[in-house]
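So you know, we letter chains A, B, ... as the sequences are listed, proteins then strands, and number each from 1.
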2 protein chains.
Amino acid sequence: MHEPVHHYLDPFLDKIETRDKLTEDEKAALRALPQKLVRTAARSRIVEEGEKPTHACMVLEGIVYRSKIASTGRRQIISFHVPGDMVDLHTVLFKVADHTIETVRNAAVVLVPHKAILETAEEVPALGRAFWYDTLLDASIQREALLNIGRRDARSRTAHLFCELAVRLKRVGLVTNGSFELPITQTDIADALGVTPIHTNRVLAQFRKQGLITATGKSVTIHDWRALVAIGDFDATYLHLEGPSDLHL
Amino acid sequence: MHEPVHHYLDPFLDKIETRDKLTEDEKAALRALPQKLVRTAARSRIVEEGEKPTHACMVLEGIVYRSKIASTGRRQIISFHVPGDMVDLHTVLFKVADHTIETVRNAAVVLVPHKAILETAEEVPALGRAFWYDTLLDASIQREALLNIGRRDARSRTAHLFCELAVRLKRVGLVTNGSFELPITQTDIADALGVTPIHTNRVLAQFRKQGLITATGKSVTIHDWRALVAIGDFDATYLHLEGPSDLHL
DNA sequence: CGTTCGCTTGACGTCTCTCAATGCGGGTGG
DNA sequence: CCACCCGCATTGAGAGACGTCAAGCGAACG
C-alpha cells in the first residue's frame, strides 16, 4: 500500500503532541491518511444538519463553527473551531449529522474519509486515543459553554467567549500582542451566546468604552486581559491544556 | 488471566447492542472488566470537579447528574444520566475532572478502572468504538441542551427536558403509561435549564393546569405527549436512536 | 413534635428583547 | 471612477420574560 503522504494534518499532529508524544511510525500513519485539501468561500456549508457525511475535516486556515437551528428559526452556534481542530469526528460513528458546520470566511479544510479514520484508530491505538481525546475536549468546551449561557449574564458570557478564543488561538500561534483575526459578525457572537445581536452590540460598545477590548468585524484586540478574565469568570482548566492523563499503556 | 465475570455492565451492553451487534467474545471481554458495584446515598458526590478520578462509572439504578459551578456560586446541571449510561468516560483521558458528578437519590453505580477501559478499547476495537460512541452521544445531547438553553424560552426548555428524559428512560424500560420515576427537585430542573427555581415552579404549575404533565418531586406523568413535543420543539434525531453508521470495518 | 427542605404564591425590579430608524463601508456595475 | 446597494453596526424607546425579595405552607425526618 503506497498512500501519498501529505503534511496537511500536521497542525492536528502538533495539537496531539502537546499532550501525548507520538512515535515516528504513528506520525507517519496519520500523514498517510487519505486526505483532500479544500478551499472554501465565506459562509460555506461543509456539513448540513440531517446529512450523512462520509468525511471528517480538520481546519487548516480560518474559523469554522457548528450550529443548530430551532424550529422557530433561531440559530445557536455550538462552538467555534480554530486551525488544528478536527471538526466533525462526531459523525464518524453516527448515521446523520445532528448539526451544521460552516466557515465564516474563506477557509482551508482537510477532508479525511471516515472509513480511514476508523481503520487507523483501530490499527494505531495512539491515534485512536488522539481522535477520542479530541472529541472529549470538544465536549468539555461544550460543557463550559452550557455553564456560560445558563448561568452568566451577557457581559460575562461575552468576556468568557473572547478569553476562550484568545487562549485557543494563542495555542496555535495566531495571537500577537493580544490581538487576533476574528472575522465574525456580531450576529455570530450573539448566536453563540444566546442573546440578540443588538444586545451584543451594546455589550461590545461598553467593553470598548471601558478600554477592555476592541472588536471590529475582522479582528479583536484585548487591552486588559486580567479584567476580561475576571468579568468572564474564565478558568482555563476545562481546556485541559496540560494534556491527557499520565496513565499511558 | 482469570478475571471474575459479573453482569453489572449488561445495561451498557444492551445499549451498545441496539446499535452495534457484538460477538460473544466481545461481550465476554466487557463483562471481564474489573468492576465494583457501589450503592450510594442520596446526593452523593461520585466525582468532584478538580479531582483526578481513577475509575469511570456506569449507572445501574437511579439518576445521576453532572454539574459545574460558576464563581458566583450559581450551578449549571450539564446532563442527567439514566441506567445504562457510562457517566464519566471523559476523565479516562483527562488529568482532572472538569465537572462534578452526583446522584439525586440513592443509586447504584458500577466503577471500572480507567486503565482497564483503555486496555480493552485497544484490544477489542468494537468495545473501543462503543466507548467512543457513548461519549459522542453524550456530546450530541449536550449540543441540544445548548440550543435549548440558548434559543428557547423557559416553557419550551422545560417541555424539551421532559421529552428527552421520557425517551431515554423509555429506552431502558423505565416508563409505564407515560409516567416515570424522577426524584429531582424543582431547583435541579431550574439548574439544568438555566432559570430560577421560582420560574420553574410557575412553568410546571402552568403545565399542570393545562393538563400537559404532572410532576411531583418523585415522578412525572405525561398526559399529552404530542402537545409536549410541540411546545418543547422536540426532535429525537440528536439522540441517534437508530444506531451508528453502517460503516463497519 | 420541632426543624428543615422544598413547593407555592405575590409584588416588584431589571436584564434583555422587539421594533424601528440611521449610518456606514465595501462590493458591484455602469 | 463614481453611484448605487446591501449587509452590518449603531442607537433609541418601549415591552416583556424572567429574576429577586419575601412570606407562608406542607411533608419528611430526626
Side-chain heavy atoms of S179(A) within contact of I222(A), under 4.5 Å | no

May I have the distance from R157(B) (atom CZ) to dC18(D) (atom P), rounded to whole angstrom?
-> 7 Å

Selection from dT20(D), dA9(D), dG6(C) that lies nearest to any side-chain heavy atom of T185(A) = dA9(D)

Nucleotide dG19(D), atom C1' - distance to CG of D153(B) in whole Å | 15 Å

P197(B) or T187(A), whichever maps to the more 5' nucleotide of DNA chain D = T187(A)

Heteroatom pairs (N/O) under 3.5 angstrom, protein to nucleotides 19-23 of chain C:
none

Would you mind classifying the nucleic acid contact of R208(B) as base, sugar-phosphate or nothing, using non-hydrogen atoms under 4.0 angstrom?
-> sugar-phosphate

Indicate yes or no: at least one non-hydrogen side-chain atom of R202(B) is less than 4.5 angstrom from one of I198(B).
-> yes

Just how far, in rounded Å, is P of dT8(C) from CD of Q206(B)?
-> 14 Å

Which whole-number value in Å describes the distance from Q186(A) CD to dC24(C) P?
-> 16 Å

F94(B) vs Y133(A), ring-ring contact (aromatic ring centres under 6.0 Å, His included): CA-CA, chis, key distance, verdict | CA-CA 8 Å; F94(B) 287 151; Y133(A) 186 103; 5.2 Å; yes

Once you round it to whole Å, what is the distance between P of dT8(C) and NE2 of H199(B)?
-> 15 Å

Less than 4.5 Å apart, any side-chain heavy atom of C57(A) and any of I46(A)?
-> yes

Whole-Å distance separating the CZ atom of R74(B) from the P atom of dC18(D) | 14 Å

Which whole-number value in Å describes the distance from K209(A) NZ to dT11(D) C1'?
-> 12 Å

Whether R168(A) side chain and F80(A) backbone form a donor-acceptor pair below 3.5 Å = yes

What is the distance, rounded to the nearest whole Å, between atom CG of N201(B) and atom P of dC5(C)?
-> 18 Å

Close side-chain approach of V87(A) and R66(A), heavy atoms under 4.5 Å | yes

Of all the nucleotides listed (dT16(C), dG19(D), dA28(D)), which has the minimum atom distance to the side chain of V195(A)?
-> dT16(C)

Could you tell me whether a side-chain N or O of R157(A) sits under 3.5 Å from a main-chain N or O of L193(A), the two making a donor and an acceptor?
-> yes

Could you tell me whether R43(B) contacts a base, only the sugar-phosphate backbone, or nothing, with contacts defined as non-hydrogen atoms closer than 4.0 Å?
-> nothing

Quick one: is T196(B) getting a side-chain N or O under 4.0 Å of the dC18(D) phosphate, OP1 or OP2?
-> no

DNA chain C: A154(A) or K218(A), which has the more 5' nearest nucleotide?
-> A154(A)

